[in-house]
Engineer: 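First the structure, then my questions, so here it is.
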Amino acid sequence: MITEQVKTQAFSDQKPGTSGLRKKVTQFQQKGYLENFVQAVFNTIAPCKGKTLVLGGDGRFYNREAIQVIIRMAIANGFSHILVGKGGILSTPAASCVIRKNQACGGIILSASHNPGGPDEDFGIKFNGDNGGPAPEKLTDAIFEQTLSIEHYQTIEADDVELDQLGGLQIAQCQVEIIDPVRDYADLMESMFDFNSMKALLTQGDFRMCFDAMHAVNGPYAKEILEKRLGAPDGTVINGVPLTDFGGGHPDPNLVHAHELVELLHGDDPLDFGAASDGDGDRNMVLGKAFYINPCDSLAILTANAHCVPAYAKGISGVARSMPTSRAVDRVAEAMKIPCYETPTGWKFFGNLLDAGKITLCGEESFGTGSDHVREKDGLWAVLFWLNLIAVKKQPASEIVRNHWSQYGRDYFTRHDYEAVDSANAKEMINQLKEKLPYLANHGQIIAGIEIDSADDFQYIDPVDDSKTTEQGIRLYLNNGGRIVFRLSGTGTQGATLRVYLDCYQNNPELLELDTQQALNELIQVAEILADIKLFTGRDKPDVIT
Ligand code: VG1
Ligand code: CO
């Protein structure tokens, strides 16, 4: 085999964001664009000789082409073993599982997660390390450095590998193995949850559910686990075939984009339980009968009830949530006398805490929940966790949530997204807020009748390796128990996306069932007065409210 050194031009825009490098497909199709980034990854983790690499993606447009390019490059760079999901498919949590199970040095996951797919839409690539988790900032910074000065990449001349046939193929020093993308993951799930009780729930009573895979990667996983192993009726999984453009939709499991599912949980003959996951299978939305479960509440409830699940029956060591996530889980941790960590947005910040055994469960407001079983958030895992709770507690989802609120109080939470706004204006808005911080923090300002207790720009020092991450969002604490957070998204591919997070605690038993937007209305006013959102975004309302 002859390794080719291909001369290439560096690109200046390959800095990974919250979760890998995400760009328009057309950008990835530029000559050398994908190759440069992949070579930068290999240079950073070198030497690759003799190591195992896991490779797969969410099946979106350009997935298969990119996989062929990466296989050739991985062989040229000296890997001795490449594990590729059949059809180029691996959900993000399954990739994490496969990396860990096979002691791989890491994996490359091709996904832009919840962003739409197709020739004019988004593509993405991220590297996960040997713990199965997203590369920490040290590593993504080093990869970015490499992309700035790269001059060559290495590849070989070889035919495309047949991705749709299980089995191994020796190419030069490397064994390329096409693996079942579902089996290891499904086995792991079966080892963690009370499948007997769940099977009884799904087959013996009148409980009816639906899982919306949104034509994204989780279809085959959900069919195997829910329909085959747990015996749910055929058709329980809808939109179960992964499509390169996700059927034209946004594979983002929220009330706006998963409307087909939402309709099945309402109306004359609503189902008992519904769930959906995103493009790469790491996010989840869970719904009870005509009842929405906020992801912040979900994390708190899973924590409070973890003892009902065999994998956590012996207890949990601690929990973590991303900063913008509501403080509902903090209240549970306090009652359980376990530590609760507050991290910046993005799963990469949970890795050290999980590896060090400081936490067992963690989550984000953005429909991400997970545990130490892998090092990624895990959509189907969260759905199975809820089914396990419903089965053993013998209560509908809504009752589990209401009981939780009556015990701990309720943290009303909402996120307002202003998508694809002008980047300069968005930055200017955040800068203005930063300038106001010293004043807001010290002067007990009263805005729209609410006093501000404190304000800061969130920074995080990792308790395991002391690495410091700054400028992670402007947060304001109000003396009515409310909190407002402003930050710019790190996953968008067009302009800037402003996220405004609002939450407020309520423990008056009479006020636990309010409409969320109404409950948070005062805070919404304060956010507008403080930040001039309408002016800077040019929008009179958010594009997406979750
Ligand atoms: C968003 C979410 C964040 C999540 C990230 C990746 O990031 O807010 O909580 O970890 O997406 O999720 P941002 O920077 O756009 O706010 V996934 O499922 O898109 O990999
Ligand atoms: Co995702």
Side-chain angles (χ1 to χ4, degrees), residues 15-22 56-60 90-96 109-117 121-128 133-135 137 140 213-214 216-218 221 246 250-254 257-258 276-285 295-296 299 320-326 342-351 362-370 374-382 413-421 426 430 458 469 471-473 485-501 543-544 546:
K15 191 173 171 59
T18 313
S19 178
L21 180 69
R22 291 189 194 175
D58 64 11
R60 69 178 57 225
L90 272 175
S91 76
T92 287
S96 185
I109 304 173
L110 302 169
S111 171
S113 190
H114 57 288
N115 299 15
E121 298 293 353
D122 292 352
F123 192 72
I125 175 166
K126 65 175 176 167
F127 178 72
N128 282 27
E137 294 228 300
T140 54
M214 304 187 85
V217 77
N218 254 352
Y221 295 84
F246 308 114
H250 271 254
D252 197 355
N254 60 40
H257 296 305
S277 57
D278 72 333
D280 60 334
D282 57 359
R283 297 185 178 203
N284 75 90
M285 177 172 72
C296 308
L299 174 63
R321 61 164 171 84
S322 66
M323 181 274 281
T325 305
S326 90
E342 183 177 41
T343 59
T345 295
W347 213 261
K348 60 189 165 197
F349 296 102
F350 294 134
C362 47
E364 298 190 274
E365 49 66 40
S366 53
F367 300 84
T369 334
V374 288
R375 292 294 180 274
E376 285 280 6
K377 54 185 181 273
D378 190 342
L380 204 43
W381 166 89
F413 175 90
T414 189
R415 185 176 100 182
H416 290 190
D417 289 339
Y418 299 80
E419 294 180 338
V421 300
I430 296 287
F458 180 56
T469 310
E471 300 182 276
Q472 292 300 306
V485 174
F486 299 90
R487 67 176 277 281
L488 298 182
S489 156
T491 58
T493 57
Q494 220 178 350
T497 292
L498 167 69
R499 305 203 193 285
V500 185
Y501 309 80
D543 297 283
V544 180
T546 48

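One-based numbering, in listed order, for ligands and for the atoms of each. Numbers here are sequence positions counted from 1. Scope of the values below: all heavy atoms of this structure, side chains included, with no hydrogens, waters or symmetry mates.
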Engineer: Taking N or O atoms only and a 3.5 Å limit, does R487 qualify as a polar contact for ligand 1?
Structural biologist: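 Between R487 and ligand 1, an N or O pair is found under 3.5 Å apart.
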Engineer: How are the rings of H257 and H250 set to each other: parallel, tilted or perpendicular (split at 30° and 60°)?
Structural biologist: parallel
Engineer: Can any side-chain N or O of R22 pair as donor or acceptor with the backbone N or O of G490 at less than 3.5 Å?
Structural biologist: no
Engineer: Distance to 0.1 Å, residue and atom name: give those for the protein heavy atom nearest to atom 2 (C) of ligand 1.
Structural biologist: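 Here the closest protein heavy atom is S366 OG, 3.5 Å.
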Engineer: For atom 4 (C) of ligand 1, what's the nearest protein heavy-atom neighbour? Residue, atom name and distance, please.
Structural biologist: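 It is E364 OE1, 3.5 Å.
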Engineer: With a cut-off of 4.0 Å, which atoms of ligand 1 are near a heavy atom of D278?
Structural biologist: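 So the answer, numbered in order with elements, is 18 (O).
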Engineer: Could you establish whether K348 and ligand 1 come within less than 4.0 Å of each other, counting only heavy atoms on the residue side?
Structural biologist: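 False for this residue.
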Engineer: Whether the H416 and R499 side chains hold a donor-acceptor pair (N or O, under 3.5 Å, no angle test) is what I'd like checked.
Structural biologist: no
Engineer: Establish, from distance only, whether the side-chain atoms of N254 and T546 form a donor-acceptor pair under 3.5 Å.
Structural biologist: no
Engineer: What protein heavy atom is closest to atom 17 (V) of ligand 1, reported as residue, atom name and distance in Å?
Structural biologist: S113 OG, 2.7 Å
Engineer: Please report whether ligand 1 has a polar contact with T345, defined as an N or O pair separated by less than 3.5 Å (distance criterion only).
Structural biologist: no
Engineer: Identify the residue among T92, D122, D58 that makes a side chain to side chain donor-acceptor pair (under 3.5 Å) with S111.
Structural biologist: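 Testing each of T92, D122, D58 against S111, the sole residue satisfying side chain to side chain donor-acceptor pair (under 3.5 Å) is D58.
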Engineer: So for ligand 1, is L488 a polar contact partner (N or O within less than 3.5 Å, distance only)?
Structural biologist: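 No - when backbone and side-chain N and O of L488 are compared with those of ligand 1, no distance drops under 3.5 Å.
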Engineer: Considering the heavy atoms of R22, write down every atom of ligand 1 situated less than 4.0 Å from one of them.
Structural biologist: 17 (V), 19 (O), 20 (O)
Engineer: Within less than 2.8 Å of the Co ion (ligand 2), any N, O or S from S113?
Structural biologist: yes
